[in-house]
Amino acid sequence: MTKKVMILPGDGIGPEIVEQAMAVLEVVSGKYHLGLSFEQGLIGGASIDAHGEPLTDETLKAAGECDAVLLGAVGGPQWDTLAREIRPEKGLLKIRSGLGLYANLRPAILYPQLADASSLKPEVVAGLDILIVRELTGGIYFGEPRGIRTLENGERQGYNTYVYSESEIERIARSAFEAAQKRNGKLCSVDKANVLEVTVLWREVLDRLAPEYPDVELSHMYVDNAAMQLVRAPKQFDVMVTGNMFGDILSDAAAMLTGSIGMLPSASLNENGFGLYEPCHGSAPDIAGQGIANPLATILSAAMMLRYSLNMGEAADAIEAAVSEVLEQGLRTADIYTEGCRKVSTAEMGAAVVAAL
Ligand SMILES: NC(=O)c1ccc[n+]([C@@H]2O[C@H](COP(=O)([O-])OP(=O)(O)OC[C@H]3O[C@@H](n4cnc5c(N)ncnc54)[C@H](O)[C@@H]3O)[C@@H](O)[C@H]2O)c1
Ligand SMILES: CC(C)[C@H](C(=O)O)[C@@H](O)C(=O)O
Ligand SMILES: [Mg+2]
């Protein structure tokens, strides 16, 4: 039985890090007889250059017909001047929305070997293991109307709409409650219910569902406080659930607690468990082409793919153990480098994970 993975390397460091993750997948596929096969596609600027649009309908369809998708990153300054509709990031939004990938799981886990690389003091982050559950196909990212209009006085005005329907809130809330049940039974919902009606409704829906999950202790926090608490005392959190934009911002902040954004993987799932897997970071144009990007977030995303979408938990465990092993050996890409360690390139890090497997 073969499983087909759509590979979308994207732009910037995307192809560099995806190459390492594929090498890791090929090794585990052989070792654990997983029968993985791969199909390559274009997304982001790479697709704009080839087809004039950031994701073609054909690639979207092909991705949906695979068993899972592994993505690098999209975007870069060379496409910034294009019309808003054909920006590379639109390809990412199109695949998330087109495949119904509303549940974005972003685990921020501190590998103990990286305690010194964290932005916080080792004693504040030791043992950190947070799961951010971010709603990914709604909220202000997708709300209509949106655009830039000219007012009667000739001034231009930009506008977006922050909307969530009850059903959208309910399904992401259930994903978060269920995740909390599998972990430590603690769920913090993050909103701005002191100001925004859309998140008053968000809070109401969470409260309404809470009795169905008596083993989960639900709390609420305003997003500004949550940002502060994340960098003050992050271990108070276990599972956090929030909307699209707050989740985008909080997960980048959480990344630094683990040492680097280059360590944060993600899974984006639809209601059937079909998923797209990608690092939380972007295409890092400032270091693209230098061979120094950290491939571990992508490699860990590949592990999440094996676990969540392909039912290959043993191989996922092996990849995570191999990542831990290379960190134990003192290998560090530049972003997680601390004194006394050995600085390695993207390719060396990938090869070390393969060797550890
Ligand atoms: N999922 C995605 O594809 C995604 C996510 C975020 C940003 N973007 C896009 O990427 C482009 C650049 O955005 P940005 O600079 O704001 O964010 P970014 O995440 O690309 O980079 C932010 C900083 O983190 C560093 N960094 C990121 N990933 C790294 C890695 N694996 N190893 C080492 N260092 C790493 C970069 O060098 C940079 O200094 C933009 O076009 C943006 O829209 C895409
Ligand atoms: C590139 C952008 C559209 C994307 C987002 O905002 O979701 C990115 O920042 C992310 O976190 O995956
Ligand atoms: Mg982001």
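In what follows, every heavy atom counts, from backbone to side chain, and hydrogens, waters and symmetry copies are set aside. Along the sequence shown, residues are numbered consecutively beginning with 1. Just follow the structure's listing: the first ligand is 1, and inside any ligand the first atom is 1. These figures come from a predicted structure and were not determined experimentally.
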Below 4.0 Å from any atom of ligand 1, is there a heavy atom belonging to A297? no
Considering all protein heavy atoms, does one lie under 4.0 Å from atom 31 (N) of ligand 1? yes
Same cluster or not: L105 versus V239, using hydrophobic residues (I, L, V, M, F, W, Y) connected whenever any side-chain heavy atoms lie under 4.5 Å apart? yes
N294 to ligand 1: N or O pair under 3.5 Å? yes
Can you confirm whether more than 12 heavy atoms, excluding those of R146, are under 6.0 Å from its CZ atom? yes
As an exercise, identify every atom of ligand 1 less than 4.0 angstrom from a heavy atom of G76. 41 (O)
Atom CZ of residue position R156 - does it have more than 12 heavy atoms of other residues, nucleotides or ligands inside 6.0 Å? no
Taking 2.8 Å as the strict upper bound, the Mg ion (ligand 3) has protein N, O or S neighbours numbering 1
Taking all non-hydrogen atoms of both residues into account, name the closest pair between I17 and P279 and its distance. CD1-CG, 4.1 Å
Which of the numbered atoms in ligand 1 are under 4.0 angstrom from any heavy atom belonging to A293? 32 (N)
Contact atoms of ligand 1, heavy-atom distance to G75 under 4.0 Å: 41 (O)
Does the pair E26 and S29 meet the rule for a side-chain hydrogen bond (donor to acceptor under 3.5 Å, both in side chains), with working shown? CA-CA 5 Å; E26 269 158 10; S29 181; over 6 Å; no
Show me the donor-acceptor pairs within less than 3.5 Å that the side chains of residues 310-319 make with the rest of the protein, sequence neighbours left out.
from, atom 1, to, atom 2, distance (Å)
D317, OD1, R307, NH2, 2.9

For atom 43 (O) of ligand 1, which of the options R96, E89, M349 provides the nearest non-hydrogen atom? E89
Looking at atom 28 (N) of ligand 1, what's its closest protein heavy atom, distance included? H281 CG, 3.1 Å
Would you check, one step at a time, whether the test side-chain contact (heavy atoms from CB on, under 4.5 Å) holds for N104 with L101? CA-CA 7 Å; N104 184 212; L101 309 171; over 6 Å; no
Linking I/L/V/M/F/W/Y whenever their side-chain heavy atoms sit closer than 4.5 Å, directly or via other members, would I95 and V18 fall into one cluster? no
side-chain contact (heavy atoms from CB on, under 4.5 Å) for L196 and V200? Distances and angles first, verdict last. CA-CA 7 Å; L196 303 173; V200 171; over 6 Å; no
Can you find a non-hydrogen atom of I17 under 4.0 Å from ligand 1? no
Under a 4.0 Å N-O cut-off, is there an ion pair linking R174 with E170? yes
Assess R208 against F177: is NZ or CZ under 6.0 Å from the centre of the six-membered ring, and within 45 degrees of the ring's axis? no
In terms of ring plane angle, is the pair Y162 and F246 parallel, tilted or perpendicular, where the classes change at 30° and 60°? perpendicular
Can you confirm whether the side chains of S260 and D335 place a donor and an acceptor under 3.5 Å from each other? yes
Out of A284, G282, S283, P285, who gets a non-hydrogen atom closest to atom 7 (C) of ligand 1? G282
Could you report the tightest heavy-atom contact between P234 and L230, atom names first, then the distance? CB-O, 3.2 Å
Of all heavy-atom pairs linking T137 and R171, the shortest is OG1-NH2, 3.4 Å
Shortest protein contact, atom 34 (N) of ligand 1 (heavy atom only): I287 CD1, 3.6 Å
For A73, take its heavy atoms, then give the atoms of ligand 1 lying under 4.0 Å from any of them. 3 (O)
Distance flag for atom 1 (N) of ligand 1, protein heavy atom under 4.0 Å: yes
Please tell me if atom 23 (C) of ligand 1 is touched by the protein, where touching means a protein heavy-atom distance below 4.0 Å. no
Any protein heavy-atom neighbour for atom 13 (O) of ligand 1 (distance below 4.0 angstrom)? no
Using residues 36-51 as the side-chain source, report each donor-acceptor pair under 3.5 Å to any protein atom, sequence neighbours left out, with the distance given to one decimal.
from, atom 1, to, atom 2, distance (Å)
E39, OE1, K4, NZ, 3.2
S47, OG, E53, O, 2.6
D49, OD1, W79, NE1, 3.0

Nearest neighbour of atom 29 (C) of ligand 1 from the list D248, D335, I13, V74, on a heavy-atom basis: I13
Taking distance alone, with N or O pairs closer than 3.5 Å, would you say R87 contacts ligand 1? no
Who are the residue neighbours of ligand 2 when the rule is a heavy atom under 4.0 Å from any of its atoms? E89, L92, R96, R106, R134, Y141, D248, C280
Considering only protein heavy atoms, which is closest to atom 39 (O) of ligand 1, and at what distance to one decimal place? D286 OD2, 2.7 Å
Flag if over 12 foreign heavy atoms under 6.0 Å of CD, Q78: yes
Hey, which atoms in ligand 1 end up nearer than 4.0 Å to a heavy atom of I261? 24 (O), 26 (N), 27 (C), 28 (N)
Nearest atoms (heavy-atom pairs only) where T346 meets Q20: O-CG, 3.7 Å
Do ligand 1 and P279 have nitrogen or oxygen atoms that lie under 3.5 Å from each other? no
Just which atoms of ligand 1 are under 4.0 Å from any heavy atom in L92? 1 (N), 2 (C), 3 (O)
Is there a path from Y164 to V195 through hydrophobic residues (I, L, V, M, F, W, Y) whose side chains come within less than 4.5 Å of each other? yes
From CD (Q229) to NZ (K235), nearest 0.5 Å: 14.5 Å
